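Every value quoted in this text rests on a predicted model; they were computed, and no experiment measured them. Residue numbers run from 1 in the order of the sequence given.
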Amino acid sequence: MKDFDHLLSVWQGQPKQDQLSVDEVLKQVKKGIRSIASQLYWGIVAMVAVLAITFAILFFFVFQSWLTYLGICIMLVTMLLYAVMIVRNYRILNKRDSTLNPAEYLQDLKEYQKNRAKVAGWFYYLYVMLISIGLSLYFIEVLQSASTAYKFTVYGLTVVWILFLTFYYKKRIFKNEEEKLNLMIERLERLQGQFE
């Protein structure tokens, strides 16, 4: 009997799992989603600006080599594909209000997380590779009459910038967003578990 009493006292002494406040969780999720959606929004704005500049270069400047046009077209198509993915992710985050149906919203967040993992994975590297190829083809003619030192500087800075974006900035940004998403999904799942 002593063992049973001891076991009962240990079991009752366990800390109870905190019950989450629905309003607090939904408020935190909305705040996190607004933060991510804001980043995506400004990414869309920046991408539209870069696309407009690239279109202007393509249509208003005359180049001698077809490689230059090919390079610009490669960059345009790549940026358009990336812009479509960003817009799609932005729409996933903003198509529903989390307070109306948290269960459906949780599914939307999981779908967004899966799409974003795809972007952070192979597509990002494909994007960087295609942009690099496009820039290289573009620079062939644009830097044709430049000095060797200037060419070396431009190509060097471009390579350093692409490496910085690929291996430092990408990891930092996507990791930060992934942590926010995981926290929001975990909170919504715990909240959902309270009502089951």
Working to the nearest 0.5 Å, report the span between [atom1] of [X] and [atom2] of [Y].
X: Ser132; Y: Phe139; atom1: OG; atom2: CZ; result: 10.5 Å
X: Ile131; Y: Tyr82; atom1: CD1; atom2: OH; result: 10.5 Å
X: Gln39; Y: Ile86; atom1: CD; atom2: CD1; result: 11.5 Å

Quiz item: How are the rings of Phe59 and Phe55 set to each other: parallel, tilted or perpendicular (split at 30° and 60°)?
Solution: parallel
Quiz item: Do the rings of Tyr90 and Tyr41 sit parallel, tilted or perpendicular, given the 30° and 60° boundaries?
Solution: tilted
With a 4.5 Å cut-off on side-chain heavy-atom distances among I, L, V, M, F, W and Y, is there a chain of contacts connecting [X] to [Y]?
X: Ile36; Y: Val45; result: yes
X: Tyr168; Y: Met129; result: yes
X: Val50; Y: Phe164; result: yes
X: Ile53; Y: Val77; result: yes
X: Val142; Y: Leu157; result: no

Practice problem: Return yes if some donor-acceptor pair links the side-chain N/O of Ser38 with the main-chain N/O of Arg34 below 3.5 Å, else return no. | Solution: no
Quiz item: Sub-3.5 Å donor-acceptor pair from the side chain of Glu141 to the main-chain atoms of Leu67, do we have one?
Solution: no
Determine whether [X] and [Y] make a side-chain contact, defined as any pair of heavy atoms from C-beta on separated by less than 4.5 Å.
X: Tyr155; Y: Leu135; answer: no
X: Tyr138; Y: Ile74; answer: no
X: Met75; Y: Thr78; answer: no
X: Val128; Y: Ile162; answer: yes

Quiz prompt | Trace of the side-chain contact (heavy atoms from CB on, under 4.5 Å) decision for Leu143 with Phe152 | solution = CA-CA 10 Å; Leu143 298 177; Phe152 182 74; over 6 Å; no
Exercise. Hey, could you give me each pair passing side-chain hydrogen bond (donor to acceptor under 3.5 Å, both in side chains) that has a residue in residues 143-152? Not counting sequence neighbours.
Key: none
Quiz prompt | Worked verdict on Leu81 versus Phe123 for side-chain contact (heavy atoms from CB on, under 4.5 Å) | solution = CA-CA 10 Å; Leu81 287 173; Phe123 186 79; 4.0 Å; yes
Exercise. Mark yes when over 12 heavy atoms from residues, nucleotides or ligands other than Tyr169 sit less than 6.0 Å from its OH; otherwise mark no.
Key: no
Exercise. Output, in order, the C-alpha distance, side-chain angles, deciding distance and verdict of ring-ring contact (aromatic ring centres under 6.0 Å, His included) for Tyr69 and Trp66.
Key: CA-CA 5 Å; Tyr69 288 108; Trp66 63 272; over 10 Å; no
Quiz item: Would Thr68 and Phe61 count as a side-chain contact (heavy atoms from CB on, under 4.5 Å) if you check the C-alpha gap in whole Å, the side-chain angles of each, and the deciding distance to 0.1 Å?
Solution: CA-CA 11 Å; Thr68 308; Phe61 287 81; over 6 Å; no
Practice problem: Could you give me the CA-CA distance, side-chain angles and deciding distance for Leu51 and Leu76, then say whether side-chain contact (heavy atoms from CB on, under 4.5 Å) is met? | Solution: CA-CA 7 Å; Leu51 281 168; Leu76 275 174; 3.8 Å; yes
Self-check item: Nearest non-hydrogen partners of Tyr124 and Thr166, listed with the distance
Solution: CE2-CA, 4.0 Å
